Amino acid sequence: MSAKTSEKKTAQKQSMPFQAEVKQLLQLMIHSLYSNKEIVLRELISNASDAADKLRFEAIANGALYEGDSELKIRVAFDKETRTITISDNGIGMSRDEVIANIGTIAKSGTKEFFNALSGDQAKDANLIGQFGVGFYSAFIIADKVTLTTRRAGSTEAVRWESTGEGDFTLEDADKATRGTEIVLHLRKDEDEFLNDWKLKSIIRKYSDHITLPILMQKTEWKEGEMGADGVQKPGEMVMLDEFETINKASALWARSKNDITEDEYNEFYKHVSHDFEAPLAYTHSRVEGKQEYISLLYIPSKAPFDLYDRERRHGIKLYVKRVFIMEDAEKLMPQYLRFVRGVIDTADLPLNVSREILQSSRDVDAIKAGSIKKILGLLEDMAKDKPDDYAKFYTEFGRVLKEGLGEDFANKDKIAGLLRFASTRMDTASQSISLKDYVEKMQPEQDAIYYITADTFAAAQHSPHLEIFRKKGIEVLLMSDRVDEWMLGSLTEFEGKKLQSIAKGDLDLGKLESETEKEIQKKIEEEAKTLVEKIKQTLGGQVKDVRVTHRLTDSPACLVSEAHDLSGNLARMLKAAGQNAPESKPILEINTSHKLVKRLESESTDAVFTDLAHVLFDQALLAEGGTLDDPASFVKRMNSLIS
């Protein structure tokens, strides 16, 4: 290289700082995952495999990207003298901008929540870090310097990235004759165990046997020591040959017979496709033959990713056609409410040059999607029946997302409804463990509705005054406090012929659960309270739609209810908080005439005090259901005047 060229390259070498989150992640990871060093090789080989998949996909439209070399492979080598391990691939490679975007920053949704969830407990944090996905950064667990040289397929410009994993990294132009990426790990002190042929091969076979590309290493053989002049034989040693051998099986795991695949192999393949550190909770592996021919290997993770509620994120299914990778995150293969599912689908019915546009209108894809949904819902039903503890874990992580399915997937609405779980007054804990089937089986003989209440929080639902008559009569009520519940109830109106009914909407009618005597007493109370009801209504004016005597309360003085077809107070508040315009609907105030506060109101002769009491009654009812006061200062002033 000429001095001029050397100067040019040096001038173009630049130092850049890591994003703050990357620095934080590197420090946490190096310390928390240090006991699991073998994953370094697994992660870097998985990345190399992904790079090859991306090249295959782009080369469908542009075969020139292969540059005359369509045999995709991964090479692993080590050098005892320089104490380095090298992992190289001839996949898609990266441009300078892609290197900065992929290695210098973390662009994941949920990054802030991830860092907030870290506790400082290394064992717990290790799981979280694995769940978040570390990929390339795992290299720094065993290396104190990493050098990456890469050239994107179709480009002539290569770039070298280098860092010690501290605060910054350097970038410079490089010479690289072939496309793809080469990563050199400069090992930390005391990591010489990785400079061993047998060790590296055993790690590859343990974690990466399922990778569909051949993973190559130089062949080695034992060479006996020569006989010395003194007649003593010198020690033998392993020597490198010029030949390379394939270390892994290099066959599509999903295409093999289920009987030939071990549980460990299934788990390791999941970790490869999901970049998760934990084993999956369950999986289903099936081969469909007939009108459509395809293989699916689908997994349910044990932990929710941090970006689960980002509906714009990509999905977790990889699409293959006849073992050839086509595209990742094929959203047409799995609906939004099952976006947590990971795995692969391999079909023989689509062309190799299939595009996202073709996927949108393909009957074959629609049939594959319908079959895959059926498999996952069936897997969840079996888990709920045979492994209730595992299902409880699943529901804790993914229950709220599953609820979205009621509005998205009409064809499977009944199956999804059967999989849902809720908190209820029977257990009286926040644990969502009661199914609608459980509820119906334990309903009172005369009961003809499934009762529920929605609120901002579980505590607000659990302590709602609307529950008082139901608790008194021993009638179970579902306590719903997930944000998705209000939306879900727009689609879930009945189950097994039983109507779902809000206990905070409409005029309460318990039907046969009330005796004729109880109904007569209620009518009499209503007649006697007509004057009081009218006076309160006039005093509150436009704040209420109506005032009436309650049938719901036994201990509280008042509560607010909505008309049967109006928005609930909870939904109206949620829409307002989201910046949406909710239809204007005023609540109905129901009063408990047996309560001391209402009796005092009835006997009050001073108009000013009556007005204060009526407004306090309304404001208390609004607060009890989780609402906010329009004029908190006036409420405080009225309370102070009444108790002073």
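Side-chain atoms are counted along with the backbone in the values below, which use heavy atoms only and exclude waters and symmetry mates. For clarity, every value in this text was computed on a predicted model and none was experimentally measured.
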> side chain to side chain donor-acceptor pair (under 3.5 Å) with R421: which residues, sequence neighbours excluded?
Replying inline: none
> Parallel, tilted or perpendicular: which describes the rings of F18 and Y137, with under 30° parallel and over 60° perpendicular?
Replying inline: perpendicular
> Among R42, E38, E268, which one satisfies side chain to side chain donor-acceptor pair (under 3.5 Å) with Y207?
Replying inline: E38
> L379: what forms a side chain to side chain contact (heavy atoms under 4.5 Å, CB included) with it, not counting sequence neighbours?
Replying inline: A282, T284, I300
> Got a sec, which residues hit side chain to side chain donor-acceptor pair (under 3.5 Å) with K73, two or more places apart in sequence or on another chain?
Replying inline: none
> Within the side chain of R179, is there an N or O that forms a donor-acceptor pair under 3.5 Å with the backbone of Y66?
Replying inline: yes
>> I'd like to know if R96 pairs up with E157 as an ion pair, taking the criterion as any Lys NZ or Arg NE/NH1/NH2 lying under 4.0 Å from an Asp or Glu carboxylate oxygen.
In response: no
>> The criterion is side chain to side chain contact (heavy atoms under 4.5 Å, CB included); which residues satisfy it with K249, sequence neighbours excluded?
In response: D209, S251, R256, E265
>> Can you confirm if the aromatic rings of Y266 and F269 lie within a centre distance of less than 6.0 Å?
In response: no
>> Please enumerate all residues that pass side chain to side chain donor-acceptor pair (under 3.5 Å) together with E67, with sequence neighbours excluded.
In response: R151
> Under 4.5 Å between any side-chain heavy atoms of R160 and L148, yes or no?
Replying inline: no
>> Could you check whether any side-chain heavy atom of D409 comes within less than 4.5 Å of a side-chain heavy atom of I416, counting everything from C-beta outward?
In response: yes
>> Cation-pi check for Y294 against R287: NZ or CZ below 6.0 Å from the six-membered ring centre and within 45 degrees of the axis, yes or no?
In response: no
> Are K403 and Y337 in a cation-pi setup, meaning NZ or CZ lies under 6.0 angstrom from the ring centre and within 45 degrees of the ring axis?
Replying inline: no
>> I'd like to know if K318 and D50 make a salt bridge, using a cut-off of under 4.0 Å between side-chain N and carboxylate O.
In response: yes
> Within a strict 4.5 Å, meaning less than it, do heavy atoms of the R339 and M334 side chains meet?
Replying inline: no
> Do L41 and L200 pass the side-chain contact (heavy atoms from CB on, under 4.5 Å) test, and can you show the C-alpha distance, the side-chain angles, and the key distance before you say yes or no?
Replying inline: CA-CA 8 Å; L41 218 56; L200 293 178; 3.9 Å; yes
>> So for atom NZ, which belongs to K199, do other residues, nucleotides or ligands contribute more than 12 heavy atoms lying within a distance under 6.0 Å?
In response: yes
>> List the residues meeting side chain to side chain contact (heavy atoms under 4.5 Å, CB included) with D168, not counting sequence neighbours, and say none if there are none.
In response: S15
